[in-house]
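Here the structure comes first, spelled out in structure tokens, and everything after it is commentary.
Along the sequence shown, the residues carry numbers beginning at 1. Computed from a prediction, not measured in an experiment: that's the story for all the values here.
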Amino acid sequence: MNSRHILLAFSAGTFCLWASLTGAAALEKTQQTLAKAQQQAAVKQQQIDSLDSKIISDHQQYLNALRQADLLDAYNQQLEKLITAQQKELVSTEEQLASLQQTELTVLPLLEQMQAGLHRFVEADLPFLRSEREQRLQRLDSLLVRADISLAEKYRQLLNAYQTEVEYGRTLEAYSGELLAGDDSREVNFIRLGRTALYYQTRDGQESGIWNATTGAWDSLPGSQNTAIHKAIQLAKQQVVPDLLTLPLPVITQETQP
């Protein structure tokens with residue numbers, strides 16, 4: 001092999017080596033470019049994913065806001081209906097109050113007249129359970145002037161008092177109490193025969209009397225009536241079996257006209 005052939009062989013080897021080195025450098029550069037592109041793509045994908053998440057979140061918030069707006073609108077409509085109903089109720093209440101005030105102006109004087117009539121009736125009646133009945137009248141007097149008691153309750157209490165007085169006329173009742181005679185008083189047993197007669201008898205059963213409505217005082221009864229009065233007291237207290245009573249009745253005198 002001559003020198004020319006050697007030179008050509010060396011040149012060819014050199015060219016192959018250069019080509020090999022150039023290809024490796026190009027491949028490495030290409031790989032670097034691809035890696036950089038992949039990194040950039042990953043960053044872009046993260047940005048896209050983040051943006052997508054934000055879009056989804058914003059959309060959900062928008063839907064929530066729409067639902068909240070619908071709920072608020074429904075609540076406002078319900079509230080408006082409630083306010084309208086309350087306004088109507090307020091107007092109705094004011095009308096009822098006005099009507100009630102007018103009713104009180106009419107009915108309250110009537111109740112006061114009924115109460116005054118009950119006072120007169122008790123004063124003119126037989127003097128039985130005087131303290132109890134006077135206390136009832138006083139409670140009614142206080143009740144009628146109280147502003148915190150309804151008109152219906154005042155009327156009910158007054159009717160109850162009338163009903164109690166009516167029941168007195170249907171019953172036989174015995175009770176203990178003080179018999180006043182001038183400045184003296186003593187404990188006796190009273191017996192009330194409806195509203196027909198009122199009797200008393202001392203505790204020892206030796207003295208009896210009957211109320212005289214004409215004179216407004218007690219009349220003594222003869223000793224022969226003590227047994228009948230005592231039997232009536234026992235019967236009223238349910239201490240004996242029911243039996244026929246023979247009691248003296250008050251004498252009613254009529255005043256002569258001049």
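Remark: Ile149 CD1 to Leu144 CG distance equals 10.5 Å, nearest 0.5 Å. A distance of 3.5 Å separates OG1 of Thr215 from CG of Asn212, quoted to the nearest 0.5 Å. The CG atom of Leu137 sits 8.5 Å away from atom CD of Glu123, with the distance rounded to the nearest 0.5 Å. Between atom CZ of residue Arg130 and atom CG of residue Leu180 there is a gap of 11.0 Å, rounded to the nearest 0.5 Å. Note that NE2 of His119 is 3.5 Å distant from CG of Asp141, once rounded to the nearest 0.5 Å.
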As a quick check of understanding, evaluate side-chain contact (heavy atoms from CB on, under 4.5 Å) for Asn64 and Gln60, giving each step before the final call.
CA-CA 6 Å; Asn64 291 338; Gln60 187 63 40; 3.4 Å; yes
Evaluate the criterion side-chain contact (heavy atoms from CB on, under 4.5 Å) for residue pair Tyr155 and Leu151; output intermediate values, then yes/no.
CA-CA 6 Å; Tyr155 184 64; Leu151 190 64; 5.8 Å; no
Derivation of the side-chain contact (heavy atoms from CB on, under 4.5 Å) call for Ile191 and Leu172:
CA-CA 7 Å; Ile191 176 71; Leu172 178 68; 3.6 Å; yes
Could you walk me through whether Val107 and Lys154 satisfy the side-chain contact (heavy atoms from CB on, under 4.5 Å) test, starting with their C-alpha distance in whole Å, then the side-chain angles of each, then the deciding distance to 0.1 Å, before giving a yes or no?
CA-CA 10 Å; Val107 177; Lys154 294 176 182 179; over 6 Å; no
Pair Arg170-Glu167, salt bridge (charged side-chain N to carboxylate O under 4.0 Å, His left out): steps then yes or no:
CA-CA 5 Å; Arg170 305 172 182 173; Glu167 290 298 323; 3.1 Å; yes
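Take Gln113 and apply the side chain to side chain contact (heavy atoms under 4.5 Å, CB included) test, not counting sequence neighbours, and it matches Leu110. The side chain to side chain donor-acceptor pair (under 3.5 Å) test applied to Ser185 returns no partner, not counting sequence neighbours. In this structure, the salt bridge (charged side-chain N to carboxylate O under 4.0 Å, His left out) partners of Asp125, at least two apart in sequence or on a different chain, are Arg133, Arg195. Partners of Glu153 by salt bridge (charged side-chain N to carboxylate O under 4.0 Å, His left out), not counting sequence neighbours, listed by chain and number: Arg156. Applying the salt bridge (charged side-chain N to carboxylate O under 4.0 Å, His left out) criterion to Arg203, with sequence neighbours excluded, gives Glu187. With sequence neighbours excluded, no residue satisfies side chain to side chain donor-acceptor pair (under 3.5 Å) with Asn160. By the salt bridge (charged side-chain N to carboxylate O under 4.0 Å, His left out) test, Arg136 pairs with Glu132, Glu165, sequence neighbours left out. Partners of Gln46 under the side chain to side chain donor-acceptor pair (under 3.5 Å) rule, at least two apart in sequence or in another chain, do not exist in this structure. Qualifying side chain to side chain donor-acceptor pair (under 3.5 Å) partners for Thr164, counting only residues two or more places apart in sequence or in other chains: none.
Leu118 places none of its side-chain heavy atoms less than 4.5 Å from the side chain of Met114. Considering only heavy atoms from C-beta on, Ser57 comes within 4.5 Å of Gln61 through its side chain.
Counting side-chain heavy-atom gaps under 4.5 Å among Ile, Leu, Val, Met, Phe, Trp and Tyr, the cluster of Leu126 also holds Phe128, Leu129, Tyr168, Tyr175, Leu179, Val188, Phe190, Leu198, Tyr200, Trp211, Trp218. Counting Ile, Leu, Val, Met, Phe, Trp and Tyr side chains that sit under 4.5 Å apart, directly or through other members, Phe121 stands alone, with no cluster partners.
Defined by atom type and a distance below 3.5 Å, a donor-acceptor pair is present between the side-chain atoms of Gln201 and Ser208. In the model, Gln206 has no side-chain atom that pairs as donor or acceptor with a side-chain atom of Asn226 under 3.5 Å.
Note: the hydrophobic cluster containing Tyr162 also contains Leu108 (ILVMFWY, side chain heavy atoms under 4.5 Å, direct or indirect links).
Proximity of a side-chain donor or acceptor of Arg192 to a complementary backbone N or O of Gly194 within less than 3.5 Å is detected.
Using a 4.0 Å cut-off between charged nitrogen and carboxylate oxygen, Glu134 and Arg139 do not count as a salt-bridge pair.
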Side-chain donor/acceptor pairs under 3.5 Å, residues 234-249, sequence neighbours excluded:
{"from": "Gln234", "atom 1": "NE2", "to": "His230", "atom 2": "NE2", "distance (Å)": "3.4"}
{"from": "Asp243", "atom 1": "OD2", "to": "Lys231", "atom 2": "NZ", "distance (Å)": "2.8"}

